[in-house]
There are 2 protein chains.
Amino acid sequence: MNPKSSLNARSIDVARLAGVSRSAVSRAFTEGAYVSGETRAKILKAATQLGYSPNAIARGLITRRSRMVGVVVADLSNPFYARVLEATCLKLQEAGLAPLMLSCRRSQDLDSLVPQLLAYQVDGVLIAASTLSSTLASQCARAGRPVVLINRYVNLDAVNAVTCDNVGGARAMADHLVQGGHKRIAFLAGLEDTSSSRDRERGFVGRLGELKVALFARESGNYTYADACSAVRRLLGRRLRPDALFCANDTMAIAAIDIARHEFGLEVPADLSVAGYDNIEAASWKGYDLTSVDQDVDRMTDAAVGLLQNGDKGGKPRHILVPARLEKRGSTRDVRAGAMRRA
Amino acid sequence: MNPKSSLNARSIDVARLAGVSRSAVSRAFTEGAYVSGETRAKILKAATQLGYSPNAIARGLITRRSRMVGVVVADLSNPFYARVLEATCLKLQEAGLAPLMLSCRRSQDLDSLVPQLLAYQVDGVLIAASTLSSTLASQCARAGRPVVLINRYVNLDAVNAVTCDNVGGARAMADHLVQGGHKRIAFLAGLEDTSSSRDRERGFVGRLGELKVALFARESGNYTYADACSAVRRLLGRRLRPDALFCANDTMAIAAIDIARHEFGLEVPADLSVAGYDNIEAASWKGYDLTSVDQDVDRMTDAAVGLLQNGDKGGKPRHILVPARLEKRGSTRDVRAGAMRRA
DNA sequence: CTTCTTTCTGCACACGTGTGCAAGACTGCA
DNA sequence: TGCAGTCTTGCACACGTGTGCAGAAAGAAG
């Protein structure tokens, strides 16, 4: 056996075996190029015989399109982001794009890590994590690489964004809780500097105002279980407790239920209704049966990949809003139960 | 402004601006190459001025090392794998390697997707999901790319593996449950064709045998919440119920607790002790307080990245076993409670 | 001054591929 | 046969970089 064949075969090897030129091999692997069916067959046969597949690195160098997409993600311990990442990668692969992943601990890291990503000549960047600085965005824009934010947005030119309709979802939740007959409604915010938490709070409090209900209390839990536990202890330690609590994500809502039950001996939802946001898998577990706002991850990631390819063709940056859906479960009293309790 | 400068700067641009040759620029960005401090300073200044960073694609083409690593992952809805992925990526990045991600739905997909990964000339492949076929392994080996499996192993040459000491962890759990005074101990298996589930079962049943305790019952839950629910219904629907249940992962253990409490009205651990494996975050939630076997994700991913770099230098394939640690919590009766109950 | 060593720099080639261009082969029509 | 059009193929260049090689410059030793 030729020693060369033990390593990766090159197009020249295939060409020699098939008795054609190297260009013919290249064209046989290119959609819509001029190759006769006969030579194409010869070439493909030789290629499989040698285990040849075109070197994507060299191809990327000459075409100036790497067919790789940078995917920036943080906090995979949040199941929602894990789901987003998985769906995103599957859709990129189906579109013939390879996800080059970048995991970052804090948003600060982003500015130092994204240049490293651009060095790999990615065709675009998908950010499913934190926000990004304006210098970074302009850097990507100058390099002609579209940027798409998922679940966050930022007021910058040349930055696309896909978010759930956080305002609408939170408004629906306000309706649901007020209809349930709750009088002392509290809100538990996520990370204060994220658009998602701010939009959810704005939609929730805004709709409460329209319904002539004042927000009873507010705390912040930084989207984490541990911080949410502390915040909920403060909320439930008051002399007059809230009777409903809307949390900016499900992880915090689950923390709230745990603290309410095990540290304050409360029944959910009889003594306290609890609701969350994201509709993660744990929300449907029988132990919590959590009312939540469902984010349509499929539509969001579809839109994100679409924007990426659109931006690749020079389209203008857009912000796509995906509708939210209220998933009512057993952790909140609904209309009838509320009426019964009042009776 | 030069139109060229609006796109990515090349080394030749930096060279011209600094008044040196292109080779000097290349050497200024290479560790340990002959460049005088003076010219290096000139070059770096010109580089920052143009926003230059070396094109990793072109560099990979000439050095024949892409500095990218394929990372194959499946089932990110399992928080354990999400944690593994996050830790792996962070460590690869620290080592100057870029993770090229490949998400696959079933193990069958792997054979068709990994060649696509090899086309990108990855320096190695990390598989944190399913197993891989022997043809695939030999394909990687022939291309000189080290392969490391995480949390699974397979008896093939040229395939490295890092696993938790599943046998040891399961044995410790057997000791714990027997010491707790349990008499009717059941096991809930994961996916039947995975080495992790088989090793955990082997270790658990083996140690029970040494302690002269027969396994009371066995079911399979495919590592998922839904399938575990069905399996646990069968287990608890018997006339004589188990008094302890060891599940091959935490997700199934959580399902078991939910079913026991909400469908059978049982108390955990008074009526039924439940334990899991993985020690995911939800295991520490107050609602479950689940006894589990902790897999040291840090050490496992450290070892995996180490093996990858070792294999890159031509070292022989190895199988590394990372010790497991029993994390006792409130979902299992311990020695004293067991003694009390017997009294 | 000569000779040797050390440090530095530029030339030129190589990596594996896509594609414009021109020339050849073939077909259909007059 | 002559001509125009369509299809097919090979040549040669380009993408942006790393690095062996040889030569230059500078200093040290004789």
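Protein chains get the first letters and strands the later ones, always in sequence-line order, with residue 1 at the start of each.
The shortest distance between the side-chain N/O atoms of B/Tyr34 and the OP1/OP2 oxygens of D/dG18 is not below 4.0 Å. In this structure, B/Arg64 reaches the C/dG16 phosphate: one of its side-chain N or O atoms is under 4.0 Å from OP1 or OP2. Remark: B/Ser11 is in phosphate contact with D/dT17, judged by side-chain N or O atoms under 4.0 Å from OP1 or OP2. The shortest distance between the side-chain N/O atoms of B/Ser36 and the OP1/OP2 oxygens of C/dT9 is below 4.0 Å. Between A/Thr39 and D/dT9 there is a side-chain polar atom (N or O) within less than 4.0 angstrom of OP1 or OP2.
At least one side-chain heavy atom of A/Leu321 sits under 4.5 Å from a side-chain heavy atom of A/Thr163. In this structure the side chain of A/Phe29 reaches within 4.5 angstrom of the side chain of A/Tyr52, judged on heavy atoms.
For the helix from C/dC1-D/dG30 to C/dA30-D/dT1, the terminal axes (five pairs an end, C1' atoms, rotation from four pairs onto the next four) enclose an angle of 40°, given to 10 degrees.
Between the CD1 atom of B/Ile43 and the P atom of D/dT17 there is a distance of 13 Å, rounded to whole Å. As rounded to whole Å, 7 Å separates atom P of C/dC15 from atom CZ of A/Arg10. Taking atom CD of residue B/Glu31 and atom P of nucleotide D/dG18, one finds them 13 Å apart after rounding to whole Å. At whole-Å resolution of the value, CD in B/Gln121 and P in D/dT17 are 19 Å apart. Separating the CZ atom of B/Arg59 from the C1' atom of C/dA14 is a distance of 17 Å, rounded to the nearest angstrom. When rounded to the nearest whole Å, the span between CD1 of A/Ile12 and P of C/dG18 equals 13 Å. What separates CG of B/Leu61 from P of C/dT17 is a distance of 9 Å, to the nearest Å.
A donor and an acceptor atom, one from each side chain of B/Ser26 and B/Ser23, are nowhere located under 3.5 Å apart. If you check the side chains of A/Tyr223 and A/Ser196, you find a donor sitting under 3.5 Å from an acceptor.
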Distance-only check: which donor-acceptor pairs under 3.5 Å involve side-chain atoms of residues 84-99 of chain B, not counting sequence neighbours?
unit_1: B/Glu86; atom_1: OE2; unit_2: A/Asp75; atom_2: N; d: 3.3
unit_1: B/Glu86; atom_1: OE2; unit_2: A/Leu76; atom_2: N; d: 3.2
unit_1: B/Thr88; atom_1: OG1; unit_2: B/Val84; atom_2: O; d: 2.6
unit_1: B/Lys91; atom_1: NZ; unit_2: B/Asp298; atom_2: O; d: 3.1
unit_1: B/Lys91; atom_1: NZ; unit_2: B/Asp298; atom_2: OD1; d: 2.7
unit_1: B/Lys91; atom_1: NZ; unit_2: B/Thr301; atom_2: OG1; d: 2.8
unit_1: B/Gln93; atom_1: OE1; unit_2: A/Ser103; atom_2: N; d: 2.8
unit_1: B/Gln93; atom_1: NE2; unit_2: A/Ser103; atom_2: O; d: 3.0
unit_1: B/Glu94; atom_1: OE2; unit_2: A/Arg105; atom_2: NH2; d: 2.8

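Under the rule for a side-chain contact (heavy atoms from CB on, under 4.5 Å), the partners of B/Tyr81 that lie at least two apart in sequence or sit in another chain are B/Asn78, B/Asn151, B/Arg152.
Among the nucleotides D/dG10, C/dG10, D/dT8, the one closest to any side-chain atom of A/Ala24 is D/dG10. For B/Arg27, the listed nucleotide lying nearest its side chain is D/dG20; candidates were D/dG20, C/dT19, D/dG18.
Each of B/Ile62 and B/Ser23 lies near DNA chain C, and the nucleotide nearest B/Ser23 is the one positioned closer to the 5' end.
Remark: the A/Arg22 side chain and the C/dG18 base include a donor-acceptor N/O pair separated by less than 3.5 Å.
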